Amino acid sequence: MKRTHTCGDLRAAHVDQTVTLCGWVHNRRDHGGIIFLDLRDRYGLTQVTLDPDICGKEVHELGNRVRSEWVLQITGKVTSRGDKKNPNLATGEIEVFVKDLVVLNKAETPPFEIAEHIKVGEEPRLKSRYLDLRRPTMQHNLITRHRVTKVVRDYFDEHRFLEIETPTLCKYTPGGARNFLVPSRLHQGSFYALAESPQLFKQLLMVGGYDRYLQIARCYRDEDLRNDRQPEFTQIDVEMSFIDMDDIMDIGEGMARAVWKTILGVDLPAKFRRMTWAEGMLKYGSDKPDLRYGMEIVDLTDWAPTSGFSVFQKAVEAGGVVRALNAKKATEILSRRTLDTLTEFAKGYGAKGLAWIKIGGDPSKAESWQGPAAKNITEAARIELAKRMNVEDGDVLFFGADSFKVVCATLGAVRVELGTKLLKLARGDDWQFLWIHSAPAFEWSDESQALVANHHPFTAPYDDHVDLLASDPAKVLSKSYDMVLNGNEIGGGSIRIHDSATQSKVFKALGISDEDAQKKFGFLLHALSFGAPPHGGMAFGLDRMIMLICQSDSIRDVIAFPKTQRGRDEMLDCPTVVSDRQLKELALVTAAPVVAKA
RNA sequence: GGCCUGGUAGCUCAGUUGGUUAGAGCGCCGCCUUGUCACGGCGGAGGUCGUGGGUUCAAGUCCCAUCCAGGUCGCCA
C-alpha cells in the first residue's frame, strides 16, 4: 500500500504517529517559510505542513513547485494543532508535518476549481466529468447511490427475492417507448432492440417458477430527455407470484422504509397513503400529486351553470368541467404581473386562459372580490362559492373551465407552480409518499385514433370489470399502482393477466387481432398457456429516487457519466459517425449527409 | 417537432440608447511572505463576445439563419 491512512482518518488519537497519505493538492498556502497544503481524497481533507526546519531544504523547494491537483504521497508525523484547530474540518485537530514528499503525478491547471463553493455550469462539468467527480457533492451523490442499491439488495434478499439478469439485447416490440435498435451482423437486415425494461422477461421468470425476482436493471429508451429522464437509466425491477395488489405495495413500501431509514435516518409511516387515480385527478389534477401542500382542487361543475359567468356556463354546456383551487394568503406574492405570467403558463397546458379572483378584504363584501372573473359572478353564486372554497381575506382563487383533461392538466400544473415555486410551500426534506392505484386500463390516443393501454396490455383489469372490456372499455379500471413521492412518480406496476381468455379480451379492446397478438407477443402468450401463476410486480426509478434523496434538481447529478439533453456525451463526444467499412459489414446505408471515411 | 432562457477571459458573471483601447471576482504566472486554513501583499498575462450572414459611418449590443447548453409542452405503454 502506498498509504497508511486516508485524508479523512486522522484525529487527536493519532498524534505522534508517523503516517503516509496520498491525495490531490486541494489548496496551497505559501508563507515563504512554512507551506500548508490541504491534501484531498474522497474521505476528506488533511492539512500537511512543510516546515523547512523539519522537512529539509530539498523537500521544501519541491513543495514550492507543487500546484493544485498534483497527486502527492507524503510521510510525516501527526501533530496536534493545539489552539490552531480548524473546527470546519473533521481532521482539524491535527496536521501532518512532512518529512518526505513524493510527487506521484503532476496536473495541468484544471478548467475549474475542485471546490464546493465554486459555481460551475453543467457544460464544463460534463466535458471534464472526471474532474467534476472529484467534487464533494458528486462524491456524496455517488456514494449515496452505492449505499441505496446495497440496502435495496439486502432488503429483497431478506425477503427471499432472487436477483436474476435478463438480456438487454432483445426483440423489438411495438407500442410504448421508442427502442434503440442494434443491427445484427450475423443476420443482416435484422435488428435487436435494447430493452426498454425487463417487463416480459420477468413475467417469463414467473412462469419459470422464480416466484420472487429482483433486478437492478439498466433500461434504454430513445425518447426526448428531461432533467429526470436519460436514454439509459436504472430500474429496481421486481416481480412476484401468488400475490395480490396489497402484497406488492407492502413489499414496495418496506423497501422505501428501509432505504429512507438507513440512508436518511427517516422513519416513514407504517402504511403509505393510498388514493385512486380518479381521486388524484379530481383533487390534485395529477396522477402523481405532490402532498407537501394543500390547495386541493374543488369541483364546481354543478355550480357553474348558475354562476352567471358565460365562460363557465359554456364550458359545462360543451361537456366540460369547471374546477377551482384556493391559494391561501397569496394576494401579496401574486402581483398582477405574476398572475399574467401564470396565465401564460396555464396556456401552455391547453387552457384558453386562467380566470382568477383576488380577495382583498372582507369576503362577504362584493367589492373585496377583485379580478376579471369576479364581476361576472352573481351575488348568490359568489356566496355559494365563498362557502365551497372556504374563502378568506387574502386568498386567490384560480379557475379551470374546459374539458376534463385540460382542466386537470392546467390546475394540476398551476397548483405545483404555486406550491413549489411561487408560494414555496414545499420542502425538499418533507417526504410525502402515496400510492395512486386503479388507473383506467385504456386511454384514448388522438395520434392513433384508438384506445391504447395506459400501462401495458398485460395489466389485469379488476375482476368485475372484465365484462366491460367488450361493452365499455374506457370505463375499465386496472390493478395498477404507482408510488408517488413529492409529485414524482418513483415506481409503478400492476397485477398481470395470467389467463389467455382475459388476455384476448384485452387485445380485442385494443383492436389487436389474434394474428397480430401472436406475431408480436406470441412467445409470452405461449408461455402463459403452460400454467402461468398469478403474478404481478413493479419497477422503481432508481435514479429519480436517489435524486430526491440527494435533493438534486436532476438525475444527471446522480449518474456518473450522463448524457446532455440532446443525448450526447460531452466527454466522449458521442454519438459519432462510423466508417463505410463498418456500415458495409452490417449491411447498412445511411441517408445522413456526412459519413466518416474509413 | 413547438415554446422559453442562456452562450462575453480557464471558471462565474457585468457590459446602459449601437459609439474611443470590452470590465470585475476567482483561477493562472512572477516576486515577497514562518501559523495559514476560501491566508495575505505587489505586479503580470489572458478575449475570433458560440458560428455564419445582414443592417449601419460604426455591432458584444439591432435583424435573419444556424449550432450548443438548460427548462418546458408534445413524446416517455
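No experiment lies behind these values; they were computed from the predicted model shown. To find a chain, count down the sequence lines: A is the first, B the second, and so on, and within it residues start at 1.
- The P atoms of B:A22 and B:U61 are separated by 15 Å, rounded to the nearest whole Å.
- Side-chain N/O atoms of A:R226 and base N/O atoms of B:G74 include a donor-acceptor pair closer than 3.5 Å.
- Of the N and O atoms on the side chains of A:Y220 and A:T168, not one donor lies less than 3.5 Å from an acceptor on the other residue.
- A side chain to side chain donor-acceptor pair (under 3.5 Å) check over residues 114-124 of chain A, counting only residues at least two apart or in different chains, returns the pairs A:E116-A:T137, A:E122-A:R556.
- The residue A:E123 sits close only to the backbone: its heavy atoms come under 4.0 Å of sugar-phosphate atoms, none of a base.
- Counting heavy atoms from C-beta on, the side chains of A:W24 and A:C7 never come closer than 4.5 Å.
- A:R218 and A:F233 make their closest contact through CD-O, 3.2 Å (heavy atoms, listed as atom of the first residue, atom of the second, distance).
- Distance, A:Q565 CD to B:G6 C1': 13 Å, rounded to whole Å.
- Shown here, B:A24 forms a base pair with B:U12; the pair counts as Watson-Crick or G-U wobble because both key distances fall under 3.5 Å.
- Base engagement by A:D53 is indicated by at least one non-hydrogen atom pair under 4.0 Å involving a base atom.
- When the nearest nucleotides of RNA chain B are assigned to A:R67 and A:L225 by heavy-atom distance, the more 5′-ward of the two goes with A:R67.
- Between the side chain of A:R221 and the base of B:C76, no donor-acceptor pair under 3.5 Å is found.
- In this structure, A:K563 atom NZ and B:C76 atom P are separated by 22 Å, rounded to whole Å.
- At least one side-chain heavy atom of A:L418 sits less than 4.5 Å from a side-chain heavy atom of A:L334.
- Going from the P atom of B:C13 to that of B:A59 covers 28 Å, rounded to whole Å.
- In terms of phosphate contacts, A:T109 brings no side-chain nitrogen or oxygen within less than 4.0 Å of OP1 or OP2 of B:C28.
- B:U34 atom P lies 12 Å from atom CG of A:N64, rounded to whole Å.
- Checked against B:G71, B:G74, B:C37, the side chain of A:K84 finds its nearest nucleotide in B:C37.
- OP1 or OP2 of B:C28 sits under 4.0 Å from a side-chain N or O of A:S68.
- B:C3 is paired with B:G71 under the criterion used here, namely a Watson-Crick or G-U wobble arrangement in which both key atom distances are under 3.5 Å.
- Remark: the separation of the C1' atoms in B:C28 and B:C4 is 37 Å, to the nearest Å.
- Atom CG of A:D573 and atom P of B:A69 are 10 Å apart (whole Å).
- Of the P atoms belonging to B:G30 and B:U72, the separation is 45 Å, rounded to the nearest Å.
- As rounded to whole Å, 14 Å separates atom P of B:G1 from atom CD of A:E223.
- Between A:H31 atom NE2 and B:C31 atom P the separation is 17 Å, expressed in whole Å.
- If you check every strand for non-hydrogen atoms under 4.0 Å, A:R568 touches sugar and phosphate atoms only.
- Residue A:F97 is in base contact, counting any heavy-atom pair closer than 4.0 Å across all strands shown.
- When the C1' atom is compared between B:G40 and B:C26, the two are found 16 Å apart, to the nearest whole Å.
- A straight line from CD of A:E344 to C1' of B:U5 spans 16 Å, rounded to a whole angstrom.
- Within the nucleic acid shown, A:S554 has no heavy atom closer than 4.0 Å to any nucleic acid atom.
- Residue A:Q47 is tested with A:H26, A:K84, A:E95 for a side-chain hydrogen bond (donor to acceptor under 3.5 Å, both in side chains); the sole match is A:E95.
- Across all strands, A:E443 comes closer than 4.0 Å to no nucleic acid atom at all (heavy-atom distances).
- Side-chain contact annotation: A:T502 with A:D499, donor-acceptor N/O pair under 3.5 Å present.
- With sequence neighbours left out, the ring pair (Phe, Tyr, Trp, His ring centres under 6.0 Å) criterion links A:H498 to no other residue.
- Residue A:R556 is in sugar-phosphate contact alone, with no base atom involved, counting any heavy-atom pair closer than 4.0 Å across all strands shown.
- Base pairing of B:A65 is made with B:U51, judged by Watson-Crick or G-U wobble geometry with both donor-acceptor distances under 3.5 Å.
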Would you tabulate the pairs of protein nitrogen or oxygen atoms and nucleotide nitrogen or oxygen atoms of nucleotides 11-15 of chain B closer than 3.5 angstrom?
{"from": "B:C11", "atom 1": "O4'", "to": "A:P111", "atom 2": "O", "distance (Å)": "3.3"}
{"from": "B:C11", "atom 1": "O2'", "to": "A:K119", "atom 2": "O", "distance (Å)": "3.3"}
{"from": "B:U12", "atom 1": "OP1", "to": "A:G121", "atom 2": "N", "distance (Å)": "2.6"}

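- Counting distance only, with no hydrogens placed and no angle test, the side-chain atoms of A:D224 and the base atoms of B:G74 include a donor-acceptor pair under 3.5 Å.
- Side chain to side chain, A:T166 and A:Q215 meet the donor-acceptor criterion of an N or O pair below 3.5 Å.
- Under 3.5 Å, the side chain of A:R29 and the base of B:U34 form no donor-acceptor pair of N or O atoms.
- From A:L542, atom CG reaches atom CG of A:D237 across 12.0 Å, with rounding to the nearest 0.5 Å.
- Using a 4.0 Å heavy-atom cutoff across all strands shown, A:N86 reaches at least one base atom of the nucleic acid.
- Nucleotides B:C29 and B:G71 are separated by 35 Å at their P atoms, to the nearest Å.
- For the P atoms, the distance from B:G15 to B:G23 is 15 Å, rounded to whole Å.
- Residue A:D30 is in base contact, counting any heavy-atom pair closer than 4.0 Å across all strands shown.
- When the C1' atom of B:G74 is taken as reference, atom CZ of A:R178 falls 11 Å away, rounded to whole Å.
- Nearest-nucleotide mapping onto RNA chain B: of A:T49 and A:S197, the residue sitting toward the 5' end is A:T49.
- Distance check on atom C1': B:C73 versus B:C37 gives 49 Å, rounded to whole Å.
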